[in-house]
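See below for the structure under consideration.
Fair warning: this is a prediction, and the values are worked out from it, not measured in the lab.
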Amino acid sequence: MSPRTRYACAALLCVLTAVCSIASAQSELRNARVGDKIEPFTLIDMDSSEFQYQHRPGRVSILAFLAARQKRSDRALDDLLTVVADMRRLQHPVDLVVIITGGEGIDYFREKQDERLRDVPMLIDANDALWGRMGIVVTPTTIMIDREGTVRWIRAGHGFDFATDAQARLKLALDLGSASVGDDAEPVHALTNDSAKDRARRHLRMGRILARKGEVESAISEFQNAVALTPGAADVQLELTSMLCRAGRGDDALAAAERITPVTRAEHARLTMVRGWAHRQLGDLDEAVTLLTKSIELDPGSARALYELGKTYEQRGENQSALNAYRRALAAHYDEPVELPSRPASSDRTLSDANGQEKDS
Amino acid sequence: MAMTSMVNRQLLLIAASLLLIVLCGLALGARVDTPPARSCVISDCHVEYRVATHMHAPVAAGVCKFCHRPASDEGHQFKLLREGSDLCSMCHWELESHRNIHQGFGGEECISCHDPHGSDYRFLLPEATIEDTCESCHADIFSNRSVMHTPVATGSCTVCHDPHDAEPQRSAAETADLCFQCHEATRDELETLDYIHAPVMSGSCADCHDPHGSDHTMHLIDDVPGLCYRCHEDIRTTVETATHEHSVAGEPGGCIVCHSPHASSVRFGLKSDSLTLCRSCHENEITNKDGDTITGFAHQVEGKKFLHGPVRQRDCGACHNSHGSNNDRLLIGEYSPEFYATFDLDNFQLCFSCHPQRGVLTEETTNLTDFRNGSRNLHYAHVNKVDKGRTCRACHATHGSDQPKHISEWIWFGEWKLPIKFEKTASGGSCDSGCHSLRAYDRHTPVEYLEESLSLDGDEAPQAKPEGPMTKGEQ
C-alpha cells in the first residue's frame, strides 16, 4: 500500500468516524423533552431559501409540525394563528413557525389564503430530518419554547381542547401570571343556564320589568317564583317583600319578612326598611318610625326608607319632620347633599290634616 | 303662624308629589272617583261615560272639546278635531317617535285597544288584562302550544313587546338584547366562554326558540335532533346512513347529551371533556339495543403505565366518530380487525390519520421511527408485506398498556393468547413474543440476525399456549 493510499484510507477513516459521531450525537438529540433547550436548525422555506431557526431571547416560539390535507393539522394551524394573533395584539413577543412534514403537499400550504400566515415562516422538512431529531410521531405536533429557549410544551395531535390548552400554555411561557394546565387544567365548562339560581335570576329580571311597567301583581308572582327556586336567598326575598309593600299588602310583606335571614348590612337595612314600610301601611306608625329610623342608620342613602319615614310622619301629622325626611329622600335619590332648615319640631303638631290618603303605586 | 303652616303644607305637598312621581313612575291612566262637574258627561245624553272606573283625563276633567268640536253652529252635532291617531298624538306626541306604529285591527289604530272615554280596566283597555286585549286579535299566539314562554304564559306581553310599536325590523342583536333582559345569567356565562354556537353568537335566539311557545321542550321550534339537523345536515347524514350507529346520536334529545346548544369552553360545544362524556356510558360493559356487548373502557386504561396520546388527552374523538361510522367501533377510519393483512394503505386509515404513512412505506430510514435496526425500518418489515403483513393491533394496544410504545402485553392469535415481552433500551429494544424468538434491535449498532431467523413472514409457530377461556375483543 502506497503512502498516498494509506493517507487516503486514514482520511476516509477520520471522515467516517466524524460522520458516525455526528449521527450518534444527533440520535442523542432525538425526542425533545419538556425542559430541554431548543437547538438551532436549518430548513428550506417554500421559496427554497435557507431558513435558520435560532431562538431569539425574550421571545416565545411555537413550532407547528403539520401535514398537508389533514383536517387536524388545518384546525391546529387555525387555532395557533388565532392564539398568536390575540397575543400579538397585546404586544406580546410570539413567533409561529410552521414545519411541513415529509415535504409533501407544499402547494396545499402555498395556496392557503389566510392573511395571518403572511409573516409565518413555512419550512419544509423534506427528509424528516427535524422530525427524527425532535422525535415527532404524529401530525400535528406543537412545540412551545419559552423566552429563555426552553421547551415548555409538546402537544401531539389536535383535540377539542387544543386552543384552550395552547392559550394557557402560551400565557405561562410569556410569564403572564398563572394558568392551570395539564392535569390541573380547568375542567370543561359549558353554558348551563338551568340552575335554580339562573332560573331565579330570570324570574327576578322579569319581575323587575313588570314592576317598571306597573304590573305589580304579575311582578309579585315572578318574585314568588324566584323565592321558591332560591328559598335561602335574602336578596330575592327582599325583592318580593318590597313588591308586596308596593302593592299595599303590608300584612303579606310582614309575613314574608319573617322568613328572611339577612346577612349583610345592606340586607339588614333593607329588611328593616320594608318592615317599617309594612307597619306604616298597617297603621302601626310608632313601630314604623322606629324601624325606618333604624334602617336609615344602617343605610343613610336609602331614598325609599327616607320617603317612607316622611310618609309616616305625615300620617302622624308631624309635617316638619315629614318635610325634612322628604328633602333628605330627594337628596338621596339624586345623590345630592341636603341642608335641612332648622324648624321647631313643636310646629309639627300645629298643622292640621297633614295626612293624606295612602297611595302607593 | 298660620302663614307658616300654609307654606309648610304647600311645601309638603310639592315634595310628596315630586317623590311620588320619582319613586313610583308615571301614572298611566287616571282613576277618578269623583265624576266631573258641568260637562257633557253629566247630561242625560252621555251619562254612560261617568260609570267607568278609569276615565280618560279630558273626560274626567269634563273638557270634551279637547277632542270634539261642534260640526256646525247649529244643532248638537260634533266631530273630532283630527282623525285617527292624529287626534291622540296631539297629547300623546311621544308615541309618534315609534318606528312602526302598531296598526290596530281594521285600521282603527289607538281605539282598537283603548276606549277614548273610559274603561273599567287600566290603560283604558277594553279587556281586564293586557293578555286578554292582545288575545282578541292575536289568539294564535296563545293557543295550541303546550310549552309557553313565561311572559306569554303569564300574559305579560309587554315584557317583550311595546304595544305601540309593531317592531317588524328588529335586528338579531336587538332580539338578543331583548332576551337578555331576563336571561342575564345566559349573557353573563356567554362572556366567559370561547366557543359560542353560531346562532347565539349572532343573537338569533329565535333560530332555535319560538319566543312565544311551542310543543317542544324549552319552546324550541323543533325537537332535538331534528332542530340541530336543520343546519347540521352532514351530521344527519352520518347518523342516518352509518352502518355502525351510535345509539345516543339519533335519539330524541341525543345531541344535547354531549353538546351545549349555547356555548362551551372548548371546541364543538362539548359539555365536558370527551373522555368523561364517553365514560358516562362506556365505563363498564354495556349491551346496546341490538343486543351486542360493548366492552367497558375502565379496565383498559386504569392503572396502565402508558396511555395512548388521545386517551391521555381525554380525546376519544381523535379515533372514534361519536355520531356514527362505517367502521367497526365507530372508528374514524379502517382499523383492521385481523392479526394479519395484506398490506394496503386503506387498512390503516385510522392510524394514518395522525401517524405518517411513510412510516410503513420507507424501507430504510434514520429519522422516521425509533423502531429500526440501524437504518432498517422495522415497521416496514412487519407491516409492508403482500402476505401476512402485521396489522397495528398485532403489536399495539390502542388505549393503554404497561409496556412502552403502547406495545400490548399479549395479543390474540386465533384462540391463543400470545405474550409480547418487549424491552426498551436506550438505543433500541427487544421483543420476545409468541410470534418469533427473542429479537433485539439497535439504532446505533445494528443487530446482525442469522439468516434463518430473519423471517418475519409469520412462518414461525406461535410459542404460547392458550390460557383458558377468555373473552375476545378486549383490545
- Query: Are B/Y195 and A/T164 side-chain neighbours, meaning at least one heavy-atom pair lies under 4.5 Å?
  - Reply: yes
- Note on the structure: Output for pair (A/T139 OG1, B/F352 CZ), nearest 0.5 Å, gives 11.5 Å
- Within the distance-only criterion (no hydrogens, no angle test), does the side chain of A/K213 pair as donor or acceptor with the backbone N or O of B/V159 below 3.5 angstrom? no
- Query: When rounded to the nearest 0.5 angstrom, what distance separates CD in B/E131 from OG in A/S218?
  - Reply: 9.0 Å
- Message: Any non-hydrogen side-chain atom of B/Q313 less than 4.5 Å from a side-chain atom of A/R155?
- Response: yes
- Can you tell if the side chain of A/E222 reaches within under 4.5 Å of the side chain of B/T154, non-hydrogen atoms only? yes
- Let me know if A/R75 has heavy atoms under 4.5 Å from chain B in its side chain, its backbone, both or neither. both
- Considering non-hydrogen atoms only, spot the tightest contact between A/M206 and B/P151 and give its length. CE-CA, 3.4 Å
- With distance as the sole test, does A/Q70 use its side chain to make a donor-acceptor pair with the main-chain N or O of B/S353 at under 3.5 Å? yes
- Item | For the student: nearest non-hydrogen atoms of A/I209 and B/C182, plus distance | CD1-SG, 3.9 Å
- When rounded to the nearest 0.5 Å, the distance separating CZ of A/F160 from CZ of B/R314 is 7.5 Å
- Query: For chain A, which of B/G155, B/S274, B/P356, B/A185 has the most heavy-atom pairs under 4.5 Å?
  - Reply: B/A185
- Considering only heavy atoms, which portion of B/P261 lies under 4.5 Å from any heavy atom of chain A: side chain, backbone, both, or neither? neither
- Message: If I measure from the heavy atoms of chain B, does A/T101 come under 4.5 Å with its side chain, its backbone, both, or neither?
- Response: both
- What part of A/A67 lies closer than 4.5 angstrom to a heavy atom of chain B: side chain, backbone, both or neither? neither
- Task: Spell out, as yes or no, whether a donor-acceptor pair under 3.5 Å connects the side chain of B/H355 to the backbone of A/V137.
- Result: yes
- What part of B/T365 gets closer than 4.5 Å to chain A, counting heavy atoms only: side chain, backbone, both or neither? neither
- Heavy-atom distances under 4.5 Å only: say whether A/T192 touches chain B with side chain, backbone, both or neither. both
- Task: For the pair B/N367 (side chain) and A/N127 (backbone), establish whether a donor and an acceptor sit closer than 3.5 Å, ignoring hydrogens and angles.
- Result: yes
- Message: Is it true that, when you exclude A/D194 itself, more than 12 heavy atoms of the residues, nucleotides or ligands shown sit nearer than 6.0 Å to its CG?
- Response: yes
- Message: Can you confirm whether A/R208 is buried at CZ, in the sense that more than 12 heavy atoms of other residues, nucleotides or ligands lie under 6.0 Å from that atom?
- Response: yes
- Shortest non-hydrogen pair, A/H158 vs B/D315, comes out as O-OD2, 3.8 Å
- So which of B/H259, B/K271, B/Q181 has the largest heavy-atom pair count under 4.5 angstrom toward chain A? B/Q181
- Note on the structure: Heavy atoms of B/S264 and A/V188 approach each other most closely as OG-CG1, 3.9 Å
- How about B/M148: does its CE atom have over 12 heavy atoms from other parts shown lying under 6.0 Å from it? yes
- Query: Looking at side-chain heavy atoms only, is the closest gap between A/D161 and B/R267 below 4.5 Å?
  - Reply: no
- Task: Working to the nearest 0.5 Å, report the span between CG of A/D128 and OG1 of B/T366.
- Result: 9.5 Å
- Query: Where does B/I196 contact chain A at under 4.5 Å (heavy atoms): side chain, backbone, both or neither?
  - Reply: neither
- If you take all heavy atoms of A/E215 and B/F123, which pair is closest and at what distance? OE2-CE1, 3.9 Å
- Message: Can you tell me which portion of A/R72 sits under 4.5 Å from chain B's heavy atoms? Options are side chain, backbone, both or neither.
- Response: side chain
- Please tell me if the side chains of B/E189 and A/D198 come closer than 4.5 Å, counting only heavy atoms from C-beta onward. yes
- Answer with side chain, backbone, both or neither: which region of B/L270 has an atom nearer than 4.5 Å to a non-hydrogen atom of chain A? both
- Message: Tell me the closest heavy-atom pair linking B/S265 and A/P187, and the distance in Å.
- Response: OG-O, 4.4 Å
- Value for CZ (A/R201) from OG1 (B/T186), rounded to nearest 0.5 Å, stands at 8.5 Å
- With rounding to the nearest 0.5 Å, note down the distance linking CG in A/L191 to OG in B/S260. 5.5 Å
- Message: Please classify the contact between B/D273 and chain A as side chain, backbone, both or neither, with a heavy-atom cut-off of under 4.5 Å.
- Response: both
